[in-house]
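Please read the structure below before turning to the comments.
By convention here, the first residue in the shown sequence is residue 1.
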Amino acid sequence: MPLLVGALAVFVQALPASSRDVGDDPRAIELLRQSAEAGEHISYSGTQYVSTWSALTQSAASSSAVVQVQHVPGGQTSIRVPNRQLAILDGRTASRWLAGEDPADLLLGAYTVRLAGEDTVAGRYTDVVVAYRGDGSVAAQLWLDRQTALPLRRESYTSDGYTLSASAFISITIGGAGTCCKTADGVDAASTVDGDDSMLRWDDIEQLREDGWHCPGSLGEGMDLYEARRVGDAIQLSYSDGVMTVSVFEQSGWLDPDQLDGYDTSEYEGGVVYTRPGPPARLTWSSGGRVITVVAEAPLDSVRDLLKHLPPDPAATHEEKKDGFLDRISRGAQRVGSWFNPFD
């Protein structure tokens, strides 16, 4: 996957129809494929400014941070937020990239890509690749390092031009091992946060489905399941079209609405969905004995598709469901956003 998202809010004009009809730029395709493979054999470390906006509201509210990043060839990226350690997985190894495609394949299948010019990021020359939706609106811009094809800056947008996420390296060192992400006792943060035993393969997912878990393989057109893992007593399912991402958490049980502080309610097909604008946007509901929680960087069309297939139960009263176990489920619904969002 491209590097962690976030940096400058920019309103982007739609691609003119005459340019839209040209199709993909071969050079842009080549650069994106090189970028998708770059993390397999290139190490880097640096400082990155990251921002994310809510997918539920078009407002100036955002979450931002300056983070320290260290990447190890083969796919693992460790990130340090001030006063806090966490790690994310940025790889496409067989155990993680479940979609059967790499990020470039998903992006090229969902968008038209064009080479838009040149720029500099963190003192390095870059080629700028723009991804367009079918209606001509800009979905994303990527600044790819000319020497390595690593994405040094990335911005994604809604169809009407509002920024969803943006990031840019302030400084970066390519090659060599860094020490940005060591804990106080010298242990690598990635090993303390994420274990390989949490990752799931396709045969694990098939078994979960047989046991009654939903685990959909896609969320509408283009949003494919690329990673799955166990997080506590929940299953985290991550979906992407190569630009946007949606994380879906499944837990057994029902929601206790009284425990969902800060959530608004929306009706859907006679059921109730609880929403929190974020960023990132969060939606949670009960569906057939499972709690579904969605944490979205992407526009919410994919969430609507998920709601259609997993409709929310009618609102249950506190007395009908209250038994102690539900307190843990509702707290979990609030907690999953922090698993996904390093600024929460």
Side-chain angles (χ1 to χ4, degrees), residues 1-13 15 25 27-39 42-53 62-71 75 77-81 88 90 102-104 106-108 110-133 137-158 161-175 178 180 240-245 279-280 297-298 341-343:
M1 291 293 295
L3 300 183
L4 188 67
V5 294
L8 304 174
V10 176
F11 184 86
V12 182
Q13 300 294 329
L15 179 68
D25 182 337
R27 178 56 178 160
I29 295 174
E30 180 184 4
L31 289 171
L32 288 170
R33 295 202 180 281
Q34 291 175 359
S35 180
E37 297 174 358
I42 297 173
S43 62
Y44 56 84
S45 61
T47 302
Q48 196 176 33
Y49 181 76
V50 184
S51 292
T52 181
W53 285 259
S62 66
S63 292
S64 301
V66 175
V67 299
Q68 302 297 315
V69 181
Q70 178 181 319
H71 177 81
T77 303
S78 300
I79 298 169
R80 180 177 181 178
V81 180
I88 64 169
D90 189 28
D102 66 24
L106 291 180
L107 191 154
L108 293 169
Y111 304 103
T112 297
V113 296
R114 307 290 298 167
L115 187 61
E118 304 174 351
D119 203 349
T120 58
V121 177
R124 299 181 65 89
Y125 292 107
T126 63
D127 294 303
V128 184
V129 174
V130 181
Y132 299 96
R133 298 182 180 89
S137 64
V138 175
Q141 293 191 93
L142 297 97
W143 285 253
L144 306 180
D145 181 60
R146 182 162 296 171
Q147 181 179 358
T148 64
L150 289 169
L152 302 185
R153 178 176 169 183
R154 180 181 183 270
E155 298 176 357
S156 65
Y157 315 95
T158 64
Y162 288 91
T163 306
L164 280 173
S165 61
S167 71
F169 271 99
I170 301 169
S171 63
I172 185 170
T173 300
I174 296 177
C180 79
S240 178
D241 61 4
V243 171
M244 310 295 182
T245 60
E297 169 199 307
N341 181 17
F343 319 128

Just so I know, are the side chains of Y44 and F169 near enough to count as touching, which here means a heavy-atom distance under 4.5 Å? yes
Pair Q141-Y157, side-chain donor/acceptor within less than 3.5 Å: yes
Does S64 reach the side chain of Y49, with side-chain heavy atoms less than 4.5 Å apart? yes
Over 12 foreign heavy atoms within 6.0 Å of CD, Q147: no
So, does T47 use its side chain to make a donor-acceptor pair with the main chain of Q68 at under 3.5 Å? no
Would you say the side chains of S165 and T52 form a donor-acceptor pair under 3.5 Å? no
Quiz: residues 116-123 side-chain donor-acceptor pairs under 3.5 angstrom, not counting sequence neighbours:
residue, atom, partner, partner atom, Å
E118, OE2, R146, NH2, 3.3
D119, OD2, W143, NE1, 3.1

Out of V113, T126, D25, D127, which one pairs with L31 under the side chain to side chain contact (heavy atoms under 4.5 Å, CB included) rule? D127
Examine distances only and state if a side-chain atom of H71 and a backbone atom of S45 form a donor-acceptor pair shorter than 3.5 Å. no
Please report the closest heavy-atom contact between A28 and R114, naming both atoms and the distance. CB-C, 3.8 Å
Closest non-hydrogen contact found for V138 with R133 is O-NH1, 3.1 Å
Using a 4.5 Å cut-off on heavy atoms from C-beta on, say whether the side chain of L108 contacts that of L32. yes
Between L107 and D241, does a side-chain contact (heavy atoms from CB on, under 4.5 Å) hold up when you go through it step by step? CA-CA 6 Å; L107 191 154; D241 61 4; over 6 Å; no
Note, I174 side chain near R124 side chain (heavy atom, < 4.5 Å): yes
To the nearest 0.5 Å, what is the distance between CH2 (W53) and OG1 (T163)? 5.5 Å
If I take atom CG from residue L144 and atom CG from residue L152, how far apart are they, to the nearest 0.5 angstrom? 8.0 Å
Using distance alone, with no hydrogens and no angle criterion, decide if Y125 and D145 have a side-chain donor and acceptor under 3.5 Å apart. no
I would like to know whether M244 and L164 meet side-chain contact (heavy atoms from CB on, under 4.5 Å); could you show each step before the answer? CA-CA 9 Å; M244 310 295 182; L164 280 173; 4.0 Å; yes
Going by heavy atoms in the side chains, are V243 and R154 under 4.5 Å from each other? yes
